[in-house]
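Worksheet for the structure shown next.
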Amino acid sequence: MRAQNSATPEGAIAVAEPRTAGTPSRTTSRTALRTTPSGSPSPAGSSAGSFSGGSSGGTLLAALGVVAFSLTFPSTVWGLESFGPWSLVALRSVLAALIAGAFLLAGRVPPPARRHWPGLVVVGGGVVIGFPLLTTLALRTSTTAHAAVVVGLLPLTTAVFAALRTGRRPSRTFWAAALAGALVVIVFTVQQSGGALTAGDLYLFGALLVCAAGYTEGGRLAASMPGWQVVGWALVGCLPLTAVGAAVALAYEPVHLTAHGVTGLVWAAAGSTFFGLYVWYRGMAAIGIPRASQLQLAQPLLTLVWSVTVLGERPAAAAPLAAVGVLVCIAVTQRARS
């Protein structure tokens, strides 16, 4: 929602209307173009810049998104107390799709153009289905702290995918930091797994790849539509598949409802999947991608905190050290890209 303001917003490009004889030149906000975080212009009515709460408001929204994301793994562990992994992922996606669909209907958002649907399929396969499923399977055997360190590599992996997708050539500093971050995570996982990668580690590395692909394609689509609508339509597009998956999974996997299990499911669907992505994209539109990315550096450490305070885990001493090492590498890549 955007506050009404007759002044041309900051970052807008005012286009002068043609003058007729005897009529002074003036500008109009109807023909103003906003500049998206990536620097490409978008129509003034686009929500890419619709949040006008200023820098502090945008920072708050992006920070809320990071907090919501950091609770994803603890809520998944709670959800597994009541549901099987396939049931949990399918139900999570169905509930999130229903919430997203309600918002899209309330906003009378038209369906995306046909040319956008292939990209939405990639977003759905990576963010809606692939990442939740692979991380849920991993959390059956991996601790939340361990998973947080591995998946903490996601911003860096996404940056690499984006560089390859757009054809840009990042600096040597970028690639050196990316390789260093990957090395830190690989050494950590091998050391924690007794010298070999476990099935849970392979699930987590697979989750990194599919989610990075989904984030990259979502970022590309966000140049044509607001980011929350990208996620919303990806969720709605996957609804037929996830609804059938939920029905089949519930028929084969036992369900033992507990307060933790239901709370975990609801938060994973409404908090992490929808609310987190909604406020994250709104905040990112207000403060820009580089500043928002810096906030996301705190996500792995926050998840480590929740693993101790909420789940009562005792992470290995190497976990916070590895998390800090990954954060340093990501910070270097962010600086190298800017």
Side-chain angles (χ1 to χ4, degrees), residues 1 47-48 50-51 57-58 60-79 83 87-112 116 119-136 151 154 158 207 210-211 214-215 217-219 221-222 225-243 245-246 261-286 292 295-296 299 302-303 306:
M1 291 179 287
S47 66
S50 60
F51 181 77
L60 176 60
L61 287 177
L64 285 175
V66 171
V67 173
F69 297 151
S70 71
L71 284 163
T72 300
F73 287 171
S75 64
T76 300
V77 171
W78 274 10
F83 305 95
S87 300
L88 179 61
V89 172
L91 288 173
R92 165 185 172 174
S93 299
V94 168
L95 291 177
L98 293 177
I99 297 172
F103 270 74
L104 291 170
L105 285 175
R108 298 181 179 179
V109 179
H116 295 322
L120 289 171
V121 170
V122 176
V123 176
V127 178
V128 176
I129 297 177
F131 183 80
L133 177 60
L134 292 172
T135 53
T136 300
V151 179
L154 180 58
T158 304
V210 298
C211 191
Y215 277 178
E217 196 63 22
L221 290 172
M225 67 180 77
W228 74 271
Q229 292 183 20
V230 173
V231 177
W233 286 117
L235 284 165
V236 171
C238 291
L239 182 57
L241 178 62
T242 54
V262 174
T263 301
L265 170 62
V266 172
W267 178 261
S272 298
T273 304
F274 183 77
F275 173 77
L277 288 169
Y278 179 82
V279 295
W280 170 252
Y281 277 115
R282 296 277 293 197
M284 187 168 58
L295 292 175
Q296 200 173 25
Q299 185 174 324
L302 281 175
T303 301
W306 305 137

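Model, not experiment: these values are computed from the prediction.
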message = Using 0.5 Å steps for rounding, measure from the CG atom of L98 to the CZ atom of F274.
response = 11.5 Å
request  = For S70 and W306, run side-chain hydrogen bond (donor to acceptor under 3.5 Å, both in side chains): C-alpha distance rounded to whole Å, both residues' side-chain angles, the deciding distance at 0.1 Å, then the answer.
outcome  = CA-CA 8 Å; S70 71; W306 305 137; 2.7 Å; yes
task = Give, for atom CZ of R92 and atom CZ of F83, the distance between the pair rounded to the nearest 0.5 Å.
result = 13.5 Å
query = Between V230 and L120, is any pair of side-chain heavy atoms under 4.5 Å apart?
reply = yes
ask   = Are L104 and V236 close enough that some pair of their side-chain heavy atoms sits under 4.5 Å apart?
value = yes
query = For P110 and W233, which heavy atoms make the closest approach, and how far apart are they?
reply = O-CZ2, 3.5 Å
inquiry  = In the structure I gave you, are the side-chain heavy atoms of L154 and Y215 within less than 4.5 Å of one another anywhere?
reply    = yes
query = Side chains of V151 and F73: closer than 4.5 Å at any heavy-atom pair?
reply = yes
ask   = side-chain hydrogen bond (donor to acceptor under 3.5 Å, both in side chains) with S93: which residues, sequence neighbours excluded?
value = none
remark   = Taking every heavy atom of V123 against every heavy atom of A234, the minimum-distance pair comes out as CG1-CB, 3.8 Å
task = With sequence neighbours left out, write down each residue that passes side-chain contact (heavy atoms from CB on, under 4.5 Å) with I129, or none if nothing qualifies.
result = C238, L241, T242
ask   = Can you check whether W267 reaches T273 side chain to side chain, under 4.5 Å on heavy atoms?
value = no
